[in-house]
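Letters A, B, ... mirror the listed sequences (proteins, then strands); counts begin at 1. Since we're looking at a predicted model, the values are computed, not measured.
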Amino acid sequence: MSRFLGRRLIRAVLTVWAVGTLVFFLMHALPGDVVLVLLDTVGAGSPAADKMREFLGLDRPLHVQYFDWLGNLLRGDMGNSLLGGYPVWDLVKSRIPVTVELAVLTILLGLSIAIPLGIVAAARNGSWIDLLAMQFGQLGISIPNFWIATILILVVAARLQWLPPSGYKPISDGLGTNLLHMIMPSLSLALPLAAVMTRVVRSAVLEVLNRDYMRVAHAKGLHPQRVLWRHGLRNAAIPIVTVIGLELGYLLGGTVLIEEMFFVPGLGQLTVRALLNRDLPVLQGVLLLYSTAFVFVNLVVDLLYGQLDPRIRYE
Amino acid sequence: MRRRNFSFAATIIGLIVMLAMLAACAPAAPADSGADQAASADESEAAAAADEGGPKYGGILKFGQAQASTVINPWGGRLHGATEWNILHQIYEGLLYWDSGYNNNPSLAESWEAVSDTEYIFNLRKGVLFHNGEEMTSEDVVYSFEHAMDESISAYAGWLSPVASVEATDDYTVKVTLKEPYSPFLDVIGRPAVLVMPAGTFEKEPFEYIGTGPFKLKEFEPGVKTELVRNEDYWEEGVPYLDGISMSYLLDDAARAANLSSDAVDFIMMVPGASWESLTQQEYKLFTGDTGIFFMFTFNVGREPFNDPNVLKALQHLVDRQVMCDVYTAGRCNRFFAGDPQPPTSQYYTGIEYFKEPDIEKAREYLAQSNYPDGFEVDLNFYGAASDEGQIAEILQISAAELGIKFNLLATDHAVWVEKVYKGEFTAALQGLYASSPDDIFYGIMHPEGVSHGFAPNFDIPEYNALVEEARRVTDPDHRRELYTEALTIGYEAGWPLIYLFTYDDRMGMHPDVMDYQVDGLGTVRFLKYVWLDR
Amino acid sequence: MANSIREYDTNSNGVERTLAARNPLRSFVRRALRHRLFTAGFIITLLLIVTSVFAPVFATQDPFEADFKEMLASPSLDHFLGTDYLGRDLYSRIIYGGRFSLLVALLSMALSGLIGLLLGMAAGYLRGPVETGIMAFIDLLFAIPGLLLALTISVLLGPSTQNLIIALAVIYVPILCRVTRGAVIAVSQLPYIESARAIGGSNWRIMMLHLLPNAGAPVIVQITIGLAWTILSEAALTFLGFGAQPPAPSWGAILAGGRKYLNTHPEMSVFPGIAIAISVLGFNLLGDGLRDLLDPTLRER
């Protein structure tokens with residue numbers, strides 16, 4: 001187990017390092033120059049541009065910049081934004097709660113649809129509810145989330161005027177206000193998620209219901225409801241938890257479009273701005289965070305899988 | 001798995017459910033028009049409001065900008081960027097300021113005097129403190145002038161090129177000597193082309209933004225937010241009223257309007273034409289100024305095929321301004337251009353009407369006379385991605401296709417724009433620009449030494465240049481108008497590389513309780529120091 | 001990005017079945033016809049293909065023909081769904097949008113499939129350091145959120161249809177590579193591959209002649225689902241303005257152009273979305289159906 005963990009950890013760290021390196025060199029290949037974004041009235045070769053380049057340390061050879069960045073990163077310093085000079089970590093830190101809140105709300109909303117629907121569909125296998133659930137499972141993943149967002153804005157915000165069309169309020173403005181602004185963004189993301197999860201929940205529960213011990217429980221004369229809840233769901237939890245973990249990883253990176261559409265100042269928005277302004281340290285910081293989160297969520301899911309299912313042994 | 005037992009009909013049911021959603025999306029009944037009177041009504045409202053009880057102190061103004069400012073640059077920023085100016089005006093001040101009537105007023109200079117055609121004396125206000133607590137003296141003004149005149153950092157160097165020297169005669173007096181008579185000089189100072197900052201700022205710390213303005217910069221996160229706080233030591237008695245200003249960037253038109261109508265922000269730039277009516281009905285205050293952004297297609301005469309004047313003439317007659325205005329502004333643009341881009345009310349208006357209605361036959365004739373009678377294919381840059389500007393470019397693309405001309409539209413992001421397009425490295429582009437004085441229009445953009453020559457790269461016609469240089473030295477309006485008339489006639493004959501479309505003002509919209517807003521002459525938000533919140 | 005990129009049915013493995021089937025084509029068709037979901041997906045996909053190929057027949061107007069006097073017209077007999085902001089017929093643009101989406105999806109999946117198959121086969125068959133290297137690269141691509149990677153590639157290459165296809169292909173490579181590798185590993189342990197190797201077949205020959213046909217089923221399933229994913233992602237990127245440029249009649253572009261008129265002319269925002277959903281649904285059903293049909297473990301139940 002510890003050998004497995006050690007190997008996976010090393011691989012995770014290497015992957016994160018590779019992402020940082022790739023992004024570093026990719027960014028230098030992008031057209032556009034951050035110095036000119038800063039001093040947008042001067043030419044690339046002007047003394048002011050040179051001065052600014054020197055001030056930002058961008059006049060040094062690429063490999064020096066690279067190792068400098070890597071060295072600082074190992075000391076826990078992600079560098080400063082090239083626009084405005086704010087520490088990258090401060091910028092990123094202020095965005096994390098927003099995106100995490102969005103992701104968590106999305107998962108909660110998604111599960112509150114998927115779990116009841118999936119269980120009922122599995123329990124009443126072949127009934128009209130099952131039919132509906134499966135249809136939802138297919139349709140839900142086929143509808144673009146930005147289109148759901150558009151329709152929500154049209155119907156809920158513009159026509160019915162129930163919710164504000166966009167914008168973000170921090171929790172410090174009151175939880176109610178905050179949630180009011182978060183409902184539509186998270187709902188847009190939650191519907192496709194709920195579709196995926198409904199299918200997962202349904203097939204996980206079906207799988208368990210067909211197991212021998214469930215037949216035994218039924219044969220013992222236990223109440224069907226009790227069998228389902230006591231024996232069925234606990235065992236069905238394994239694949240469901242796994243998928244939730246993986247979905248969380250995807251969600252962290254998948255909120256970009258929705259954050260843009262609803263002006264939610266999360267990590268996705270920060271990334272797009274940094275990309276468009278060629279703010280290398282910020283972009284690198286966020287992408288590193290994304291890949292770290294993704295890689296470690298995967299790792300944790302694998303470990304959790306082992307905890308929930310004693311049959312899985314790691315060599 | 002029993003999946004395959006589901007009937008085929010189930011899939012169809014799913015589709016029907018989706019189609020049923022359409023019922024909820026049926027278009028709203030068109031509202032009556034009648035909002036056009038709104039603009040004039042609004043302007044008197046602000047004045048009337050001040051009578052009731054007088055200004056109140058306190059509160060944070062939540063300000064929704066229409067573009068993301070990525071940079072604070074006291075030496076120019078983008079010349080056409082109201083967004084940057086809306087911030088700069090709060091932090092920095094110049095010696096004079098232009099009001100909405102284009103008159104110069106005292107700001108950091110209490111008074112000024114033209115000793116001769118080429119010599120100006122500015123008497124500085126005493127006791128003005130910078131945000132860092134130091135007192136402003138003539139030394140700081142000289143430093144600020146020198147940096148603003150430095151071509152390597154300042155966008156305004158060209159405006160100040162006739163300045164020979166700037167001296168501090170004593171702590172509170174500055175003498176400016178010009179190389180030759182320069183009629184727009186005071187207008188340039190009132191713009192203001194020279195923002196006053198403490199001597200040595202740029203060398204010490206390029207990211208410090210210290211001025212004398214009514215608000216201090218508290219936090220600036222590029223493209224995300226700008227927080228300003230009240231300057232307690234501001235030199236003008238009793239102002240500002242606000243405790244601070246919190247700027248956010250709401251780039252999407254619909255979202256920006258929605259943020260105003262849901263009171264998420266108090267004040268927005270560029271009220272979208274489509275929201276004008278509903279905001280008026282809800283008694284939001286809407287302002288327009290008389291000057292604004294020029295929209296124009298710009299062509300690089302140093303590159304094929306635009307080095308051929310007949311190609312430019314063909315395009316001049318091809319463009320359908322009304323359609324572009326309808327698509328871009330929902331028909332709310334101010335003024336269509338017909339030749340001379342100056343407002344007809346200007347005393348320098350030449351009356352030249354080179355084109356009026358789109359005339360495809362004329363366009364065809366010119367193209368036939370050119371070296372490209374069968375058309376050509378060329379790239380056209382527009383700013384942003386999936387932006388409204390792209391829709392204007394699309395209209396040109398469609399009209400031009402009829403002549404066999406193929407424009408490949410390139411959505412260009414900010415970083416590439418400032419590196420290439422802004423420096424004149426493009427073949428064709430759709431651009432917007434603030435230009436209000438004849439000197440801006442005829443010299444600033446068109447003269448090789450002009451500050452905005454990047455909009456008309458490689459346009460260099462000696463006869464034309466001589467005329468607009470002459471106009472800078474002349475003070476008699478009639479004489480200047482004659483010079484401009486002659487210059488513009490020559491310009492159109494030689495192939496004018498700009499296709500002026502229309503002006504569309506930065507229309508500002510604000511909550512009914514935002515009081516005493518004053519419009520300035522440049523389409524920027526300058527006077528937030530007089531604004532107060534009635535709540 | 002799209003959700004269909006993630007498939008959690010982990011037991012798909014078409015290898016044994018392909019080997020077992022005596023008359024693969026006939027039995028496949030017979031079972032396919034009984035499989036309702038597959039049939040539904042097949043019909044939807046067929047409709048999409050037919051309307052795309054014969055778009056000029058189905059469209060009532062030229063989708064590029066602007067009519068400045070008919071801007072933002074309401075639905076009528078001339079214009080079934082009304083017109084857009086340039087007076088172009090919305091219905092015809094949506095029909096042509098299907099052609100555009102399908103073309104982008106097919107081209108990018110072809111490109112992605114080519115790279116993914118080669119990498120996956122190399123990793124799965126050659127094993128050793130080649131596999132470690134390839135899979136490390138694949139892990140790397142996986143670890144960057146897809147939409148952000150696509151945006152970066154689009155900024156790097158500049159927005160255009162061609163670069164859009166490249167960006168979408170790159171993002172899907174890791175998935176196809178993993179699926180191919182898994183299938184190849186399973187197949188290459190079978191005796192007949194061993195014997196092919198024993199009689200001295202070259203690596204290239206074995207990969208092309210034996211591995212490719214037999215490991216193909218799961219890859220075909222994955223590519224079908226990839227087509228659904230590509231249609232969604234193409235629309236998303238173009239919607240953001242980083243994909244196809246005007247006047248391409250992309251569904252994403254129609255949606256983006258319609259946002260401004262959401263309140264007054266929701267048709268522009270509603271109908272392209274439905275078109276996307278139907279096409280994506282078609283490919284998803286087709287992919288799921290194929291998986292069922294090609295997977296013996298599911299067939300037994």
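Chain C forms more heavy-atom pairs under 4.5 Å with one residue of A/L283, A/I148, A/V272, A/T15 than with any other, namely A/T15. Counting heavy-atom pairs closer than 4.5 Å to chain A, the top-ranked of the candidates C/L151, C/L141, C/V155 is C/V155. Between chain C and the residues A/L288, A/L257, A/I258, the largest count of heavy-atom pairs under 4.5 Å involves A/L257.
Across all non-hydrogen atoms, the minimal contact from A/P281 to A/L82 is CD-CG, 3.6 Å.
Proximity to chain C (any heavy atom under 4.5 Å) is shown, for A/L30, by both the backbone and the side chain. With a 4.5 angstrom heavy-atom cutoff, C/L240 touches chain A only via side-chain atoms. Interface residue A/L276: only side-chain heavy atoms are found under 4.5 Å from chain C. With a threshold of 4.5 angstrom between heavy atoms, A/M27 does not approach chain C through any atom at all. With a threshold of 4.5 angstrom between heavy atoms, A/V295 approaches chain C through side-chain atoms but not through N, CA, C or O. Residue contact with chain C, scored on non-hydrogen atoms closer than 4.5 Å, involves the side chain of A/L287 exclusively. In this structure, the portions of C/A235 lying under 4.5 Å from any heavy atom of chain A include both its backbone and its side chain. Using a 4.5 Å cut-off between heavy atoms, C/F137 makes no contact with chain A at all.
A side-chain donor-acceptor contact under 3.5 Å links C/T51 to the backbone of C/L47. Panel note: side chain C/S112, backbone C/V173; a donor-acceptor pair is recorded below 3.5 Å. With hydrogens and angles ignored, the 3.5 Å screen pairs no side-chain donor or acceptor of C/W229 with any backbone N or O of C/I223. Remark: side-chain polar atoms of C/W251 are paired, donor with acceptor, to backbone N or O of C/I94 under 3.5 angstrom.
Annotation for A/F296: atom CZ counts as buried by contact number, over 12 foreign heavy atoms lying within 6.0 Å. In the displayed structure, A/R8 atom CZ is contacted under 6.0 Å by more than 12 heavy atoms of other residues, nucleotides or ligands.
A donor and an acceptor atom, one from each side chain of A/S142 and A/Q138, are nowhere located under 3.5 Å apart.
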